[in-house]
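Working notes, structure below.
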Amino acid sequence: MIEMLNVDISFNDILNVFNEAYKEKDLYNKNNNYKQGTDYYRGILYAPIGNIVVETNDVLEVIKYFVRGIYSRNTITISQTEYYELSLSNLVLIIFAEALAKFNISRNTLMIMPFEECMYEKFDEVIEIDDGKVSVNQKNFLPKNIIYIEEHSFDTEINLEKERLKDKNINFEIIEGKVENALNIINEEKPEGVSIYTKNPQIAHNFIILANSPNVFVNSSLLNSEKLNDKINKLYYKKQIMYPSGKEFNLENYYKEYTDKFRNIELDIFEKEKKDSNKSEENKQTDLVEVINPWYKKIFEKIRNLFFKK
């Protein structure tokens, strides 16, 4: 492809930039001051930003951010003002995306699209690269708090919490319903603090993993929230977690589950559909198949036909 397009870079340039990006510091599996208090576990984790758009036409920058997106567990969409379907950047995309698919990771984790098709307001962060200069615009967390009531056995404590927050003039909202719907609201609004009241440890665990907020608490007061520096770098923000002591939270399992679950959140670029939808309800399989981004399908066919003409 380099030879066909007469691109002014070498294969060694590609390998070198890949290796440089791969060797960069990865904060994803690091934790800070994670310790047990009298009644609660509390600590700070580095969490992925989420959906990031990177504006660049440079194929070497594309490779850098693809590698960074994979190891940091962010999704990366490349926005190009000079977009060509038969480009070296798109060939690199196919190599990366098909490799990820071999490990059951969505191809939609990485994407390249024309600039005019990228709705920047939908992304958690916008990175613009111009002549080597990088500017970053990250969505701020909203100055509000959300209390999610998964079950009402904590109503007495919840009522006390409401009074405590009102006395401190702290803005908060109460939501109920299914945990999936609650997480959709939280991840859309990005509040500074969230708490869940539940007796179900698995629901609590998933909530901690998936809630997009710098303060995530289980059965504990939002008064414990802290103003964290959410702009650690281009790929992470700090996330404080707090939950009742009893069984210690396994960080190794946390990162494994975050990797598995983060990529299955139902956003525009993470659409899923059920197999065999015509089967009877009792025999219907619940396996999920990936709905490929139409831009990816288009460039995949173009490049496949280029190399494998009938």
Side-chain angles (χ1 to χ4, degrees), residues 24-52 67-76 105 109 124-125 136 138-148 150 179 182-184 186-198 200-265 267:
E24 290 177 0
K25 186 176 182 181
D26 178 9
L27 297 177
Y28 177 69
N29 60 356
K30 309 297 181 188
N31 66 296
N32 181 32
N33 296 327
Y34 188 80
K35 57 188 177 182
Q36 181 178 4
T38 305
D39 301 309
Y40 289 87
Y41 284 107
R42 184 172 183 166
I44 291 176
L45 307 172
Y46 294 98
I49 297 293
N51 298 313
I52 299 175
V67 176
R68 290 167 177 168
I70 292 167
Y71 72 59
S72 65
R73 279 67 171 178
N74 288 287
T75 69
I76 300 292
I105 298 173
T109 299
D124 298 303
E125 182 174 87
V136 180
Q138 188 183 124
K139 276 186 182 177
N140 292 320
F141 291 100
L142 294 179
K144 65 178 292 184
N145 299 276
I146 291 180
I147 298 172
Y148 167 48
E150 194 273 325
V179 65
L183 285 168
N184 284 339
I186 289 167
N187 294 339
E188 177 71 24
E189 297 190 10
K190 294 172 67 76
E192 285 186 345
V194 296
S195 63
I196 179 175
Y197 285 87
T198 180
N200 186 315
Q202 189 57 48
I203 289 177
H205 195 183
N206 291 344
F207 187 83
I208 289 173
I209 292 169
L210 295 174
N212 193 348
S213 173
N215 292 282
V216 182
F217 303 140
V218 177
N219 301 341
S220 52
S221 176
L222 286 165
L223 293 177
N224 295 301
S225 295
E226 295 182 11
K227 196 77 172 178
L228 298 173
N229 177 12
D230 59 322
K231 296 181 181 179
I232 300 301
N233 59 30
K234 297 185 291 291
L235 302 174
Y236 306 94
Y237 72 92
K238 277 186 176 180
K239 184 175 189 177
Q240 178 185 205
I241 64 170
M242 186 172 182
Y243 62 96
S245 58
K247 185 177 180 181
E248 184 173 355
F249 193 54
N250 189 313
L251 281 178
E252 183 177 342
N253 288 342
Y254 167 87
Y255 293 112
K256 180 181 182 301
E257 292 187 33
Y258 199 109
T259 300
D260 295 340
K261 294 174 183 296
F262 178 73
R263 301 189 191 282
N264 290 326
I265 302 174
L267 301 173

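- With contacts defined as side-chain heavy-atom distances shorter than 4.5 Å, the pair Ile147/Tyr197 qualifies.
- Expressed to the nearest 0.5 Å, how far CE of Met242 lies from CG of Asn219 amounts to 11.0 Å.
- Using modelled atom types, one finds no donor on one side chain facing an acceptor on the other under 3.5 Å when comparing Asn184 with Glu188.
- Side-chain N or O atoms of Thr198 include none that pairs as donor or acceptor with a backbone N or O of Ile196 at under 3.5 Å.
- Here Asn224 contributes atom CG and Gln240 contributes atom CD; the two are 7.0 Å apart, rounded to the nearest 0.5 Å.
- Checked for salt-bridge contact, Arg42 and Glu226 meet the test: a charged N lies under 4.0 Å from a carboxylate O.
- Shortest non-hydrogen contact noted between Ile49 and Tyr237 is CD1-N, 4.0 Å.
- Between the CD1 atom in Ile70 and the OG1 atom in Thr109 there is a gap of 8.0 Å [rounded to 0.5 Å].
- Distance CD/Glu125 to CD1/Ile52: 4.5 Å, rounded to 0.5 Å.
- Between the side chain of Asn212 and the backbone N or O of Lys190, no donor-acceptor pair lies under 3.5 Å.
- In plain terms, the two heavy atoms of Leu235 and Arg68 that are nearest each other are CD1-CB, 3.9 Å.
- Heavy atoms only, all atoms of each residue included: Ala211 and Val194 are closest at CB-CG2, 4.1 Å.
- Between Leu222 and Ile146 the shortest heavy-atom distance is CD1-O, 4.3 Å.
- Closest heavy-atom contact between Ser225 and Gly193: OG-CA, 4.4 Å.
- Below 30°, between 30° and 60°, or above 60°: for Tyr236 and Tyr46 the angle between ring planes is above 60°, a perpendicular geometry.
- Using a 4.0 Å cut-off between a side-chain N of Lys or Arg and a carboxylate O of Asp or Glu, Glu192 and Lys144 do not qualify as a salt bridge.
- A side-chain donor-acceptor contact under 3.5 Å links Glu24 and Tyr71.
- Contact check for Leu183 versus Phe207: side-chain heavy atoms found under the 4.5 Å cut-off.
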**Request:** Decide side-chain hydrogen bond (donor to acceptor under 3.5 Å, both in side chains) for Asn74 and Ser72; before the verdict, give the C-alpha distance in whole Å, the side-chain angles of both, and the deciding distance to 0.1 Å.
**Result:** CA-CA 6 Å; Asn74 288 287; Ser72 65; 2.7 Å; yes
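- Minimum heavy-atom separation, Ser213 to Pro191: OG-O, 2.8 Å.
- Atom CD1 in Ile186 sits 8.5 Å away from atom OH in Tyr148 (nearest 0.5 Å).
- Lys239 places a side-chain N or O within donor-acceptor distance of the main-chain N or O of Ile208, the cut-off being under 3.5 Å.
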